[in-house]
Each structure stands twice: as C-alpha cells, then as structure tokens.
Amino acid sequence: LRLAIDEDQHDAEREHTTEQVAYIVFEREPNLPPEIDLDEDNSSGAAGSGYDAKLLFSHDTTRVADDDAILNDPTSDQLAGLTATITNLRDGDEESLLVDVTGTQIVSSYDSETGELTLTGVDSVANYERVLRTVTYQETAPLRDPSQRIVIFQAYDGSLWSDPAAARVTFAAPNVPPQAHPGGPYSIQRGQTLLLNGSLSVDLDAGPFPLIYEWDVNYTGEFEADTS
C-alpha cells in the first residue's frame, strides 16, 4: 500500500511530495479448542462439565450425557471428531458405549478392548452436539461388577482437543423384597363389605415395577384377591 504525502499543500512553488510505504498485516484469528458440558444446568447433581448417571438393576443401559449437553467451538462451526472412553472397564466386552449418528456425516466405532467410542468425520457442531446427547452406556453382564464407571469425553476440531468432561455411572443397589403391611385389625358384621388397606406396605428401593397387592383373606395360604 503506497501513501503519498503533500508536505505543503498551500505553497504551489514548494510543492514536494514524499512517498512512504505502509504495511498492513493480516493476522489469522487464533484457533481455540472445542468445549464440552455434559449437563448444562447440572440437573444430574454433577458440578462443572460432568454428568452423573445411574444404571438401575432392571435396566441394561443409561445415558451418559444429558438432554441439555452442550458442545461448542468458539472459532469454527465444524468439528472433526469426538471420543468417549470407559476408563475403568470391569466386565470386558459385556459393557460398551452406544451412539446414534443417524442423519449425519459422522462415523462411529467402538473398541471393546480399550472401551473407547470414536466418532469421526467433518460435520457441523450442531450435529456433533445432537449425537453427543445420545451416547449411552450398556452393561449386559449377568453378574455386574458394581464399581462406579468413569466415561471421559473429548471433542476434536482437526487440530485441538477440548478439555475432558467426565460422566460417572453408578450402579443401583440389588433389588430387595418389599415389606408387606396388611393393615388392620379389621372388624365387620356379617354382610358388610371388608375394605382392605395395604398402603403401609413399602418398597425400599422403589422398583423395578409398581407394587401389586394380593390378599389371603381366609388364611388358607392362597391369595384370592389381586388389586393394584
């Protein structure tokens, strides 16, 4: 860029013009790493960017990112990859990570030896975020190791990795029998209706199904009445 400077515009007899060169330097905006938050509003109880998941005794799967999980890249609208890794495998290939990449350019693969789910393919941050929210921990072992599992997530923009975000998977306690309380004592006259109340019965671990009440009215060992 050349800049002409007139030293004295008002004196035509002393008109001298000096040429100087100015340089314009274009600087590329610095690349910043992606950012992950597995539970934006911390509704799972986890602080920071983490997520706390619970796997019930009656289920084989649980999500390891919340519906409001956030994936962002301050300097790009595309990402090149994402990994999720079970850092402390206990039941070998009977535990894994699942994901739904339908409708995206993202390709998924899972390594049962390392516990790593790998997502690759250049696609929008929005698509990677949508896929992130579907990542699911699966455990199919008949006898599960009850140790808490840690799943570490990182996103990749093609040159930089995000800081890790951790999901913790806690196993619910084994199912225990409910405690029945038949109510009473009951006293009625012949011909009257007997109203039975088992509402003091409790299921300490609240699962896996609603309680069903059966009554042995005649104390014969056979339960004649069945009502929920």
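Note that the coordinates shown come from a computational prediction; the quantities given were computed from them, not determined experimentally.
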CG (N127) and CD (Q78) are apart, to the nearest 0.5 Å, by 10.0 Å

Margin query: For the CG atom on L200, are there more than 12 heavy atoms of other groups (residues, nucleotides or ligands in this structure) within a distance under 6.0 Å?
Written below: yes

Is there a path from F171 to V64 through hydrophobic residues (I, L, V, M, F, W, Y) whose side chains come within less than 4.5 Å of each other?
-> yes

Verify, without hydrogens or angle tests, whether E129 (side chain) and L71 (backbone) share a donor-acceptor contact under 3.5 angstrom. yes

Quiz prompt | Heavy-atom donor-acceptor pair, T134 side chain to D100 backbone, under 3.5 Å | solution = yes

- prompt: Should L132 and L38 be marked as a side-chain contact (heavy atoms from CB on, under 4.5 Å) after you check the CA-CA gap, both sets of side-chain angles, and the distance that decides it?
  reply: CA-CA 8 Å; L132 167 66; L38 300 176; 4.0 Å; yes

Q) Does the pair V99 and R133 meet the rule for a side-chain contact (heavy atoms from CB on, under 4.5 Å), with working shown? A) CA-CA 9 Å; V99 68; R133 295 174 179 178; over 6 Å; no

d(D67 CG, D41 CG) to nearest 0.5 Å is 10.0 Å

CA sep, side-chain torsions, deciding dist, call: N197, L195, side-chain contact (heavy atoms from CB on, under 4.5 Å):
CA-CA 7 Å; N197 185 352; L195 299 178; over 6 Å; no

Heavy atoms of T118 and E116 approach each other most closely as OG1-OE1, 3.3 Å

- Task: Taking the side chain as every heavy atom from C-beta outward, state whether R144 and D60 have any pair of such atoms under 4.5 Å apart.
- Result: yes

Taken to the nearest 0.5 Å, the spacing of T83 OG1 from W161 CH2 works out to 4.5 Å

Closest non-hydrogen contact found for D39 with D66 is OD1-OD2, 3.0 Å

Check: Mind checking whether R149 and S147 have side chains closer than 4.5 Å, heavy atoms only?
Finding: yes

Check: Given side chains that start at C-beta, do those of I86 and N88 come closer than 4.5 Å, heavy atoms only?
Finding: yes

Can you get from V101 to V122 by hopping between Ile, Leu, Val, Met, Phe, Trp and Tyr side chains that sit under 4.5 Å apart? no

Value for CG (N31) from CG (D157), rounded to nearest 0.5 Å, stands at 4.5 Å

Between the CG atom in D52 and the CZ atom in R168, the distance rounded to the nearest 0.5 Å is 4.0 Å

For this session: Return yes when atom CD of E222 has more than 12 non-hydrogen atoms of other residues, nucleotides or ligands closer than 6.0 Å, and no otherwise.
Result: no

- Message: Could you tell me if the side chain of E35 sits less than 4.5 Å from the side chain of D163, heavy atoms only?
- Response: no

Do I106 and L82 touch side chain to side chain, with heavy atoms closer than 4.5 Å?
no

**Prompt:** Under a single-linkage definition using a 4.5 Å side-chain heavy-atom cutoff for Ile, Leu, Val, Met, Phe, Trp and Tyr, are L98 and V169 assigned to the same hydrophobic cluster?
**Reply:** no

All heavy atoms of A167 vs all of F153, minimum pair found to be CB-CE1, 4.1 Å

Correct closest heavy-atom pair for S162 and I36 would be OG-CD1, 3.8 Å

Q: Establish, from distance only, whether the side-chain atoms of Q148 and T170 form a donor-acceptor pair under 3.5 Å.
A: yes

If we only count heavy atoms from C-beta on, is the K54 to S44 side-chain gap below 4.5 Å? no

message = Apply side-chain contact (heavy atoms from CB on, under 4.5 Å) to residues D77 and D73 and explain how you reach the verdict.
response = CA-CA 7 Å; D77 60 0; D73 191 319; over 6 Å; no

So if you build clusters from Ile, Leu, Val, Met, Phe, Trp, Tyr with side-chain heavy-atom gaps below 4.5 Å, do L97 and L56 land together?
no

task = Taking the side chain as every heavy atom from C-beta outward, state whether D91 and E139 have any atom pair closer than 4.5 Å.
result = yes

Scanning both residues in full, the closest heavy-atom pair of A80 with G158 reads CB-N, 3.8 Å

Shortest non-hydrogen pair, P164 vs I152, comes out as CB-CG2, 3.7 Å

Taken to the nearest 0.5 Å, the spacing of S49 OG from I70 CD1 works out to 12.5 Å

- Item | T140 side chain to E94 backbone, donor-acceptor under 3.5 Å | yes

- Query: Does the side chain of Y51 come within less than 4.5 Å of V151's, by heavy atoms?
  - Reply: no

